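See structure below.
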There are 2 protein chains.
Amino acid sequence: MQNRDQLNEKSGDYFDRLHEQSEKEPDIRDLFSFQLQRLAGLSTRIAALSIRPKYGITPREWRVLAVLKYLGEVPLQELAKHSGLLKSQMSRTVSAMIERGYIAKTANPQDGRSILLTLSPEGLALSRSILEDSFERNEEMLATLSRAEQQILVELLRRVTRTSSKYYHELRNTASQSDLKSLEEE
Amino acid sequence: MQNRDQLNEKSGDYFDRLHEQSEKEPDIRDLFSFQLQRLAGLSTRIAALSIRPKYGITPREWRVLAVLKYLGEVPLQELAKHSGLLKSQMSRTVSAMIERGYIAKTANPQDGRSILLTLSPEGLALSRSILEDSFERNEEMLATLSRAEQQILVELLRRVTRTSSKYYHELRNTASQSDLKSLEEE
DNA sequence: TTTATTCGTTCACAATGTCAACTAATTTCT
DNA sequence: AGAAATTAGTTGACATTGTGAACGAATAAA
């Protein structure tokens, strides 16, 4: 058998068995962000496992396609914001997607610096297809929860994301007081 | 002002405004794993922002220290499993931490191949300190939720993680039928 | 109209993730 | 016991992701 660097988490043995609570010592297993990171890592691996071999596309690329799907026609910066990527990352990603014919780019008549991006028919079809697969994967991941619980989870995450985003931008601003500019936006 | 590739998500404008639900078209904004990824990304950035400048350590490194904190004394593989890293990643990370004096390594009397890892006093102190900061950051991120809601969220995530972990290993096994070995473990 | 800002591209690099090859030690099988 | 397979840890190679800065061109602000 080949020597594979597996993530030998096996049958969930390492996930959050209830541990004895030491009264004073902080424990990373109780940390929300730790749970979050671990689950997100799992989710990425699951996605890569099902999507990469089938569609020859990275998780980031299909995420961009799916975001563009609901945005319609937008400049690159806008696409980056909604995807949670830097514009430098987005520029490269979009280039690759244009090369493969999934994204079309046209000039922005309103602004000569900007470009407008849309999904090509192929991109739309691909995006739809992967998105369906993704919803199926999510079903499996969430299978342990009732419909009601799933909705609660999604709603809680939504709220936490909003709060965290605000917090993040506060941190950025206090960290680099060089650009007081950003204070203006709300 | 410097030209920084900012993630201009600004005041949460791009996060989950309720969107009109097209009846049939799947929308990535409704995808659990998408929300998860986005929030995890935010969380990482927040952590890096507060930890890196203060302690000169990467998020992954402190995560390893914190995991080792509750494990006590374990071989490398064990530490890797609990941290969600490959043993190759863990080997490198541990080397760096040993070099900086945060982790001590001794031979395993039970098994000549294996090594036993523990936190050094410095490592323990550092781990404690960062962990406290992390709990504070989490407070901020979760500030919008009531205590009860926070507990619900944590519990739901815990269950989803367990289910997802099982699902992941199933996928791996069906994907590579070369090693039927792994079927044995439950 | 000069100055500052913004859009997108590109460069350079750090961090992370993935897998295969390798050794030494251990276990399993016969 | 001895050969064969397995396992722990290290290392090499490489793909992906994340971050910040420099730059030209276009636009907005002074």
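Quantities reported herein were computed from a predicted structural model and do not represent experimental measurements. Chain A is the first sequence line, chain B the second, and so forth, proteins listed ahead of strands; every chain is numbered from 1.
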Check whether B:Gln37 reaches the backbone of A:Ala40 with its side chain - one donor and one acceptor, N or O, closer than 3.5 Å. yes
Distance-only side-chain donor-acceptor flag, B:Ser43 / A:Tyr168, under 3.5 Å: no
Is A:Ser88 side chain donor-acceptor paired with the D:dG20 base, going by distance under 3.5 Å alone? yes
Full working for side chain to side chain contact (heavy atoms under 4.5 Å, CB included) between A:Thr163 and B:Met141: CA-CA 6 Å; A:Thr163 307; B:Met141 292 176 62; over 6 Å; no
Tell me: CG of A:Leu76 to P of D:dA26, nearest whole Å? 17 Å
OP1 or OP2 of C:dT18 under 4.0 Å from side-chain N/O of A:Arg45: yes
Using only heavy-atom distances, determine whether the side chains of A:Ser127 and A:Tyr102 contain a donor-acceptor pair under 3.5 Å. no
Distance in angstrom units between B:Leu116 CG and D:dG9 C1', rounded: 13 Å
Using whole Å, what does the distance between atom C1' of nucleotide C:dC22 and atom NZ of B:Lys87 come to? 11 Å
Test item: side-chain donor near acceptor, A:Thr58 and A:Arg52, under 3.5 Å: no
DNA chain C: A:Thr44 or A:Val74, which has the more 5' nearest nucleotide? A:Val74
Any side-chain donor paired with an acceptor under 3.5 Å for B:Arg60 and B:Thr93? yes
Could you walk me through whether A:Ile28 and B:Phe135 satisfy the side chain to side chain contact (heavy atoms under 4.5 Å, CB included) test, starting with their C-alpha distance in whole Å, then the side-chain angles of each, then the deciding distance to 0.1 Å, before giving a yes or no? CA-CA 9 Å; A:Ile28 197 176; B:Phe135 275 102; over 6 Å; no
DNA chain D-proximal residues of residues 53-63 of chain B, any heavy atom under 4.0 Å: none
Rounding to an integer number of Å, can you tell me how far B:Leu117 CG sits from D:dG9 C1'? 10 Å
Tell me: CD of A:Glu78 to C1' of C:dG8, nearest whole Å? 15 Å
Are A:Lys54 and A:Asp133 close enough for a salt bridge, meaning some N to O gap below 4.0 Å? yes
Whether the side chain of A:Arg159 engages the backbone of B:Thr144 through a donor-acceptor N/O pair (distance < 3.5 Å, no angle test) should be reported. yes
When rounded to whole Å, the CG to P distance for the pair B:Leu49 and D:dG18 reads 16 Å
Does a donor on one side chain sit under 3.5 Å from an acceptor on the other, for A:Gln150 and A:Arg147? yes
Atom CD1 of A:Ile46 and atom P of C:dT18: how far apart are they, to the nearest Å? 12 Å
Do A:Arg113 and C:dT6 have a side chain to base donor-acceptor pair shorter than 3.5 Å? yes
5'-most by nearest nucleotide on DNA chain C - A:Pro75 or A:Ala48: A:Pro75
Please tell me which of B:Met90 and B:Arg52 maps to the more 5' nucleotide of DNA chain D, matching each residue to the nucleotide holding its nearest heavy atom. B:Met90
Without decimals, in angstroms, what is the distance between A:Leu86 CG and C:dA15 P? 16 Å
For A:Gln89 and D:dT17, is the shortest distance between a side-chain N/O and OP1 or OP2 below 4.0 Å? no
Can you list, in residue-number order, the parts of residues 91-112 of chain A that come under 4.0 Å of DNA chain D, counting heavy atoms only? A:Asp111, A:Gly112
Closest non-hydrogen contact found for B:Arg137 with B:Ser50 is CD-OG, 3.0 Å
Estimated bend of the helix from C:dT1-D:dA30 to C:dT30-D:dA1 (axis per five terminal pairs, rounded to 10 degrees): 30°
Which residue in the set B:Ile57, B:Leu124, B:Ile130 passes side chain to side chain contact (heavy atoms under 4.5 Å, CB included) when paired with B:Leu65? B:Ile57
